2 protein chains.
Amino acid sequence: MLSNGWVNNSTMPERIDKDRLEPAYAQLAGILRRQIAGGLYPPGGKIPSESSIGKQYGLSVMTVRQAVGVLTEQGLLVRVQGCGTFVKAVTLTGSRFGLESIEEIFRDPGRTRVKVLRMSPERADAKTAQKLGLSEGARVILIRRLLLRENLPAMCHEGRIRCDFTRPLVEAELEVGPLSDLFRGQGAGVAKKCELTIIPTVFDNEEARILNQTEGRPAFRLEYLVYDFDDIPFGWGWFTAAPETLVLRTKLGLWDES
Amino acid sequence: MLSNGWVNNSTMPERIDKDRLEPAYAQLAGILRRQIAGGLYPPGGKIPSESSIGKQYGLSVMTVRQAVGVLTEQGLLVRVQGCGTFVKAVTLTGSRFGLESIEEIFRDPGRTRVKVLRMSPERADAKTAQKLGLSEGARVILIRRLLLRENLPAMCHEGRIRCDFTRPLVEAELEVGPLSDLFRGQGAGVAKKCELTIIPTVFDNEEARILNQTEGRPAFRLEYLVYDFDDIPFGWGWFTAAPETLVLRTKLGLWDES
DNA sequence: AAGTGGTCTAGACCACATG
DNA sequence: ATGTGGTCTAGACCACTTG
């Protein structure tokens, strides 16, 4: 890396091509990303000020800010007011994990089936009462489902919902549709908010049988608690999935072209 | 909710107060959030166009865009070009999980200790060879560490790094510092990129002993593979933590004031 | 005091979707 | 054709950090 800003002596300093389809801010974000990857700005180092970048590339400050914002959202840069913008070192705690691996299950309803294994009224046990804000022994509805992808068992589900006939929620929730809506977000949505927790577990006897797995094998449990638009919890439960079904993987730092 | 835009007949329509410290875009984001929470714009519904919002509140389009951008990043809105901006239904797959719960372990070096249990040269087994791009039997260094918070065992670590004395990486990695740097990002950083995977597991005999846990109890394994600035993998390994240490929890949708 | 990022304006043109 | 979001400008002032 030379001090004049060239990545090496065989490449020209890049410019913004306003005739290209790619917007200027995206081009600039790519340039900055390559400069960081090339070592021009090392981790912990400061990049030039936004106004000077704007002058250098013939862009207005707002456009430069948009480019820097892209890299900041990706966790590559950190802005410090009054001080500058710095290249962020790769940190494990900067990582974010999503549920893309199971989103695929719900994308194409044709390839996915939901089989209701059980649906029955029940009395709330201590944990359900606490979760749903009910008194112990209150009426709830228990649902157990099996989710199949390409006719192969993928996840199983156990949930309990309020038994409150003043709302249409219960009726709707009994259907197969709302379950995939919770994942795809196609429908209007009955949930205002939701809390999600991922917990390590092992397949119990029944789960192993249903999912064609081995009892005692490590698995993920995805536990949820959903609230309606009156801020009242109306359902909780969990999905159980094998590690190859629910993949929690993420990439940090400077990977190619992303 | 009345059709004139009031949330109810006891509240005035909100305005932007430019004398307040809170920037206009943040105030507007809060207004829109409350309007959505109040049911003015239901899930799947369309909010007014950015230009009309700008006129209504006396703000320029760019400022409105910033407010809408905040709520879009939070997953509450979806922008569709040429079509409008819509209220997004709560979806489980829209969730993102972070490692904030273990970040705390590394925040204050005074309350955290790293104890090296073992550090020895080794020959790469098949998996290590594959991960680090070495041939089987190549020299690597095995490290086992115990991480303590407030003198209580919190996580254990097992890792293998390249034994390549042409780089200073190895020397640095042997120190205690770089480990917490990987979490805190304080130092300059030796990693260009990193791949992270969370896997469900159970404590084995040794982990249980070290962490004062029960053998066979479900736990998380946080596996990593780090690359240097030449895009060469130089280390891989994993951390093992109990579910109460590594908490994967997130909130979706309209929670109060966030 | 000077430099930095943070916010904001009042326009403009473009790409895209819909009727 | 109209309306939408997407991009962009050329300034401006503010809050903050540092020397």
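Throughout, protein chains are lettered first and strands after them, A, B, ... in sequence-line order, and every chain is numbered starting at 1. All values reported here derive from a predicted model rather than from experimental measurement.
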For this session: Just compare C/dG11, D/dC16, D/dA10 and give me whichever is closest to any side-chain atom of B/Met62.
Result: C/dG11
Exercise. When all nucleic acid strands are considered with a 4.0 Å heavy-atom cut-off, which category describes A/Val68: base, sugar-phosphate, or nothing?
Worked result: nothing
Exercise. Taking all non-hydrogen atoms of both residues, which atom of A/Phe220 and which atom of A/Ile198 are closest, and how far apart?
Worked result: CD2-CG2, 3.6 Å
Exercise. In whole angstrom, what separates A/Glu50's CD from C/dT7's P?
Worked result: 11 Å
Exercise. Is the distance from OP1 or OP2 of D/dG3 to the nearest side-chain N or O of B/Ser51 less than 4.0 Å?
Worked result: no
Problem set entry | Given D/dT18, C/dT9, D/dC8, the nucleotide with the shortest approach to the side chain of B/Leu59 | C/dT9
Exercise. Any chance the rings of A/Phe239 and A/Tyr224 have centres within less than 6.0 Å?
Worked result: yes
Exercise. Between A/Ile47 (CD1) and C/dG3 (P), how many Å, whole number?
Worked result: 18 Å
Exercise. For B/Arg79 and D/dT4, is the shortest distance between a side-chain N/O and OP1 or OP2 below 4.0 Å?
Worked result: no
For this session: Report yes or no: is the cationic atom of B/Lys192 (NZ for Lys, CZ for Arg) closer than 6.0 Å to the six-membered ring centre of B/Tyr227, at no more than 45° off its axis?
Result: no
Problem set entry | Phosphate OP1/OP2 of C/dG11: any B/Ser60 side-chain N/O under 4.0 Å | no
Exercise. Under 6.0 Å from the CZ atom of B/Arg249, do we count more than 12 heavy atoms belonging to anything else shown?
Worked result: no
For this session: Report the distance from atom CG of B/Leu28 to atom P of C/dC8, rounded to the nearest whole Å.
Result: 10 Å
For this session: Rounded off to whole Å, could you give me the NZ-to-C1' distance for the B/Lys46 and D/dG5 pair?
Result: 11 Å
Seminar exercise, completed: Whole-Å distance, A/Leu77 CG to C/dG5 C1', equals 13 Å
For this session: Indicate whether OP1 or OP2 belonging to C/dG6 is found under 4.0 Å from a side-chain N or O atom of A/Arg65.
Result: yes
Problem set entry | Protein-nucleotide distance (B/Gln81, atom CD; C/dC13, atom C1'), rounded to Å | 13 Å
Exercise. Does A/Ser49 place a side-chain N or O at less than 4.0 Å from the phosphate oxygens OP1/OP2 of C/dT4?
Worked result: yes
For this session: Identify whether any heavy atom of A/Lys18 sits under 4.0 Å from a base atom; if not, whether one sits that close to sugar-phosphate; answer base, sugar-phosphate or nothing.
Result: sugar-phosphate
Exercise. For the pair made of NZ in B/Lys55 and C1' in C/dA10, what is the distance, rounded to whole Å?
Worked result: 13 Å
Exercise. Just how far, in rounded Å, is P of C/dA17 from CZ of B/Phe86?
Worked result: 12 Å
For this session: Quickly, which of B/Leu246, B/Leu147, B/Leu222 forms a side-chain contact (heavy atoms from CB on, under 4.5 Å) with B/Met155? Name it, please.
Result: B/Leu147
Exercise. What does B/Gly54 touch in the nucleic acid at a heavy-atom separation under 4.0 angstrom: a base, only the sugar-phosphate, or nothing?
Worked result: nothing
Exercise. Does B/Gln66 make a side-chain N or O approach to OP1 or OP2 of C/dT7 shorter than 4.0 Å?
Worked result: yes
Seminar exercise, completed: The residue among B/Leu77, B/Thr85, B/Ile36 that forms side-chain contact (heavy atoms from CB on, under 4.5 Å) with B/Tyr41 is B/Ile36
For this session: Identify, between B/Val80 and A/Val64, the residue whose nearest nucleotide on DNA chain D lies closer to the 5' end.
Result: B/Val80
Exercise. Within the structure shown, what part of the strands sits under 4.0 Å from A/Val61 by heavy-atom distance: base, sugar-phosphate, or nothing?
Worked result: nothing
